[in-house]
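Since the structure comes first, as structure tokens, the remarks are kept for the end.
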Amino acid sequence: MACTSTRPSPESPSAAGVAMAAAEQQARLAALEEENRKLKRINAALIERVESSASRRDGSYAAFQHSVVLAEQVRERTDALNQAMAELKASNRLLSDARLRAETAHQHLIDAIESISDAFVLFDREQRIVLFNSRFKSFWARTRARIGSGTRLSEIRRLANSTGLIVEEHRGSDDNILYRLHDGRWVQVSERPTREGGLVILYTDITEVKQSETARREQALAQKSRLLQRAVDNLSQGVAMVSAEGILELWNHRFLELCGLAPVEAHRSFAGVMADSELPLLTPDTRDSHGRPIREMEQRLYNGRVLEVRTHPLPTGGFVNTFTDITERYRHAEALAESERWIRLITDHVPALIAYLSADLVYEFTNKVYEEWYRWPRGAMLGQSLREVHSDEHWRRLEPYVERVLAGESLSFEVTETNLNGQERCMLRSYVPNRLANGEVVGIFVLIRDITERRRTAEALHQAYQNLEQRVRERTTELTALNSQLRREIDERSQVELRLREAKHEADQANLSKTKFLAAVSHDLLQPLNAARLFTSALLEQREQRCNLALVRNVSNSLEDVENLLGTLVDISKLDAGVIKPDIAPFAVGELLDNLAVEYRQIAASEGLQLDFVPSSALVRSDLQLLARILRNLLSNAIRYTPHGRILLGCRRGRQSLWIEVHDTGVGIAADKLGEIFQEFKRGETVRAKQDRGLGLGLAIVEKIARMLGHRIRVASAVGKGSLFSVEVPLARRVPRQRQERDEPQAVLERLQGARVWVLDNDAAICAGMRTLLEGWGCRVTTALSEQDLARQVDNFHADADLLIADYHLDDGCNGVDAVATINARRSTPLPALMITANYSNELKQQMRELGHTLMHKPVRPMKLKTAMSHLLER
């Protein structure tokens with residue numbers, strides 16, 4: 001800024017001109033009046049002279065004549081003077097009008113510059129102030145500077161800088177100067193020269209324009225930020241941008257998902273955010289043990305996924321971390337490495353030299369025999385050129401063949417080489433080109449076999465033929481046999497590689513067949529066990545034979561132990577074979593925990609332990625049956641290894657998950673053993689006399705099921721103080737169906753009294769056991785081994801009945817689902833069906849839900865059977 005303000009000056013170029021013209025008119029008027037006075041004096045003097053000289057007779061006429069002439073002259077002069085006076089009066093009137101117009105124009109000029117919205121200053125040719133308006137004066141209102149007419153432009157600029165009126169100065173794109181004033185306003189200065197050499201300066205207030213421009217710029221930056229956030233959110237990688245101060249500035253949802261984080265607040269410390277994740281903190285300052293910077297790392301998570309984390313420093317400070325899920329790539333790499341290991345294992349045991357060369361004749365694969373033949377350390381030939389491995393003489397012998405193979409020709413030729421013992425051996429080299437689909441050769445397969453013995457035999461035969469033709473005829477048969485043997489040997493050697501490759505496949509198939517066999521025969525294993533459990537349950541409920549009650553109870557306990565062992569082995573086999581598939585659905589965890597607490601409180605009490613339970617109202621997403629199996633194993637394990645004290649079952653909420661915890665005051669686990677407890681057949685020491693140690697598969701099953709469900713298992717323990725096992729389950733939002741109230745045992749038995757039940761099972765022992773058990777509950781039972789057998793007994797399915805119990809696996813390729821459909825199709829009122837099976841597949845569970853049947857797995861627990869039948873009869 002260059003100027004400040006005062007009142008407008010009354011002077012102007014037009015007013016000065018009018019004043020000058022008026023002064024000239026006054027001067028002329030004064031001159032005319034002076035001349036008129038002189039003429040009057042002359043006229044008076046002449047009249048006096050004439051009168052004084054009238055006595056002279058001789059000159060009287062001449063004097064008279066002269067006086068007449070003078071009078072005429074005086075009259076003419078008087079007329080001229082009167083005309084001049086009239087002109088002077090007219091000029092005065094014109095001068096007055098001109099002054100009035102000039103004053104009016106000056107006032108209009110002042111009003112005009114006051115009416116404009118900009119501050120206005122007019123300078124003369126010496127750059128002194130002539131005119132300015134009040135807006136210019138207002139700039140200096142809060143300063144002590146005094147600006148008025150005559151103040152020079154340089155002085156105004158000095159005062160503007162010294163008084164702090166100007167805070168900031170910029171030059172615009174059109175050479176205009178922009179000033180930011182002390183009160184925050186912005187002013188644009190425009191200078192224009194006048195025709196007289198002066199200067200006009202306008203000061204335009206552009207504060208609103210600057211604010212609007214700033215707002216648009218901020219909106220544009222916000223829009224760019226939103227677009228950047230959308231672009232980052234759509235990346236398949238997790239991205240986190242951290243400022244130079246270590247604050248998390250930008251991230252996407254993929255970053256939170258891969259790191260297992262809940263939504264985070266803005267402007268949090270990156271180190272604090274990563275502290276809630278399984279991943280270690282990686283920054284450009286991270287160093288390894290040797291002090292070298294770490295720019296990337298791979299981390300395997302608990303759920304089996306593998307992440308690649310990279311850090312990228314920014315030139316302005318801070319850094320960007322990217323998180324990539326490389327699980328599939330990692331698995332492919334492991335599979336390739338495993339395949340390569342098996343191929344190398346096979347080829348290392350083949351009695352031939354095997355190698356692969358690239359198109360540049362660089363070794364990319366060699367087997368053990370190849371490296372030992374050329375006296376190279378293990379793996380040292382890889383990356384070496386064929387020319388470097390062999391001597392110049394040997395390379396010259398091979399070069400013609402190599403060129404032909406690179407041209408696309410398959411070759412077999414013989415060369416002589418020296419082995420480790422310095423013996424010359426005859427080697428048969430076979431070169432096969434590796435072609436792409438377009439015919440391009442990208443490598444060479446090399447197979448070298450020692451045919452020295454065969455060559456010597458051939459040479460000996462040839463020599464014998466030359467020396468003794470007769471002996472050749474005599475030994476033709478022997479040589480033919482030997483030749484056949486040699487061919488068989490060659491065929492056998494060529495098949496060694498194939499057999500070795502098949503060996504691993506057969507071993508894998510044998511292991512898988514074993515696992516699948518054990519999983520598949522689970523039905524046949526559990527059938528007799530199920531029948532025995534039904535009989536023992538029936539005996540236990542017959543209270544007449546008190547003398548045999550203890551014996552029957554011992555048999556029942558033994559059968560239960562056998563059932564648990566077989567069930568554990570079958571579960572392990574099914575998990576290994578991939579037979580069991582999780583059926584994920586939301587449910588209230590309280591119902592599951594209530595049942596477990598009731599069941600295991602009695603078991604704990606029988607061992608002299610106290611089981612405490614903290615209820616929970618949380619909703620979770622998991623497989624109800626598999627999660628129950630995990631918790632059963634954890635509770636059984638806690639009871640097994642707790643000699644005295646108590647066990648606590650409860651839950652702890654997280655942000656998006658629920659930790660179900662089992663605490664005990666048992667013997668505890670040493671820190672160096674925590675990594676082994678989930679291995680198969682790992683068992684702890686017994687803590688009670690006559691205690692069954694089990695198979696050591698309980699925690700192995702827990703680990704396998706948890707990995708299948710994607711749940712984390714956490715263990716904390718102290719020797720002599722106890723252990724904590726917890727499983728993390730994701731929370732659910734959808735409310736599951738309301739749980740049914742449990743019936744009292746007496747109400748269940750009353751509901752079963754007189755119930756007409758049909759039992760369809762292809763096992764006679766199962767049918768007999770079911771009849772004994774159900775009749776002990778007061779039911780009227782009809783059993784059948786097949787659908788046709790049942791039809792004969794119940795009037796072709798038209799007899800009265802209340803419930804149908806069917807085995808899923810029947811004879812002749814039939815199943816219980818089809819049998820139930822056939823039976824209900826012939827009845828006017830369909831029967832409720834209870835399906836019993838050893839099939840744990842999700843497809844069967846879904847089919848049962850769609851058909852409205854109740855599903856129960858073998859071996860059948862009598863209490864569970866009684867409850868299920870009661871519910872079906874109530875419906």
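Residues L307 and L258 approach most closely at CD1-O, 3.4 Å, considering heavy atoms. Across L872 and A833, no two heavy atoms sit closer than the pair CD1-O, 4.1 Å. Of all heavy-atom pairs spanning I630 and A706, the tightest one is CD1-N, 3.9 Å. Across all non-hydrogen atoms, the minimal contact from L282 to F270 is O-CE2, 4.2 Å. Between D763 and D761 the shortest heavy-atom distance is N-OD1, 2.9 Å. Annotation for F587 and S622: closest pair CE2-O, 3.6 Å, computed over non-hydrogen atoms.
For the atom pair R849 CZ and K845 NZ, the distance stands at 8.0 Å (nearest 0.5 Å). Residue L609 holds its CG atom at 9.5 Å from CG of D664, rounded to the nearest 0.5 Å. Remark: L261 CG to H253 NE2 distance equals 13.5 Å, nearest 0.5 Å. Once rounded to the nearest 0.5 Å, the distance linking NZ of K704 with CG of L626 reads 14.0 Å. Considering SG of C779 and NZ of K866, their distance stands at 10.0 Å, rounded to 0.5 Å. How far CZ of R632 is from CD1 of I603: 8.5 Å, rounded to the nearest 0.5 Å.
Classification of R640 and E607 as a salt-bridged pair fails, no side-chain N sitting under 4.0 Å from a carboxylate O. In this structure, E661 pairs ionically with R652, as a charged nitrogen and a carboxylate oxygen lie closer than 4.0 Å. Comment: E265 does not engage R268 in a salt bridge, judged by the lack of any side-chain N to carboxylate O separation of less than 4.0 angstrom. Between R712 and E278 there is a salt bridge, since at least one side-chain N of the basic residue sits less than 4.0 Å from a carboxylate O of the acidic one.
The closest side-chain heavy-atom distance from I660 to L627 is below 4.5 Å. In this structure the side chain of D325 reaches within 4.5 angstrom of the side chain of R254, judged on heavy atoms. Here the side chains of T286 and T283 are in contact, with some heavy-atom distance below 4.5 Å. Side-chain contact between E703 and I713 is absent, with no heavy-atom pair separated by less than 4.5 Å. Here the side chains of I639 and I647 are in contact, with some heavy-atom distance below 4.5 Å. Using a 4.5 Å cut-off on side-chain heavy atoms (C-beta onward), V702 and R629 make no contact. For the pair R756 and R780, the minimum side-chain heavy-atom distance is below 4.5 Å. Put simply, the side chain of P586 does not reach to within 4.5 Å of the side chain of L619, judged on heavy atoms.
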Intermediate values then yes/no, side-chain contact (heavy atoms from CB on, under 4.5 Å), Q299 and V306: CA-CA 6 Å; Q299 181 71 23; V306 181; over 6 Å; no

Worked check of side-chain contact (heavy atoms from CB on, under 4.5 Å) between E328 and R331: CA-CA 5 Å; E328 292 301 324; R331 290 173 179 171; 3.5 Å; yes

Audit row: R771, T783, side-chain hydrogen bond (donor to acceptor under 3.5 Å, both in side chains) steps and yes/no: CA-CA 7 Å; R771 176 186 293 276; T783 61; 3.0 Å; yes

L709 vs D623, side-chain contact (heavy atoms from CB on, under 4.5 Å): CA-CA, chis, key distance, verdict: CA-CA 8 Å; L709 297 176; D623 186 300; 3.9 Å; yes

Worked check of side-chain contact (heavy atoms from CB on, under 4.5 Å) between V729 and R621: CA-CA 7 Å; V729 186; R621 283 185 56 82; over 6 Å; no

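Counted by atom type alone, S636 and Y600 present one or more donor-acceptor pairs between their side chains at under 3.5 Å.
Of the possible donor and acceptor atoms, one in the side chain of T665 sits under 3.5 Å from a partner among the backbone N and O of H644. Of the possible donor and acceptor atoms, one in the side chain of T772 sits under 3.5 Å from a partner among the backbone N and O of A768. Using modelled atom types, one side-chain atom of S277 and one backbone atom of L279 make a donor-acceptor pair closer than 3.5 Å. Side chain of T324 to main chain of G238: no donor-acceptor pair is present (N/O by atom type, distance under 3.5 Å, no hydrogens or angles).
No cation-pi contact links R653 to W659, judged by a cut-off of 6.0 Å to the six-membered ring centre and 45° from its axis.
Among residues two or more places apart in sequence or in another chain, the side-chain contact (heavy atoms from CB on, under 4.5 Å) test is passed with L844 by Y808, T837, N839, S841, Q847, M848, L855.
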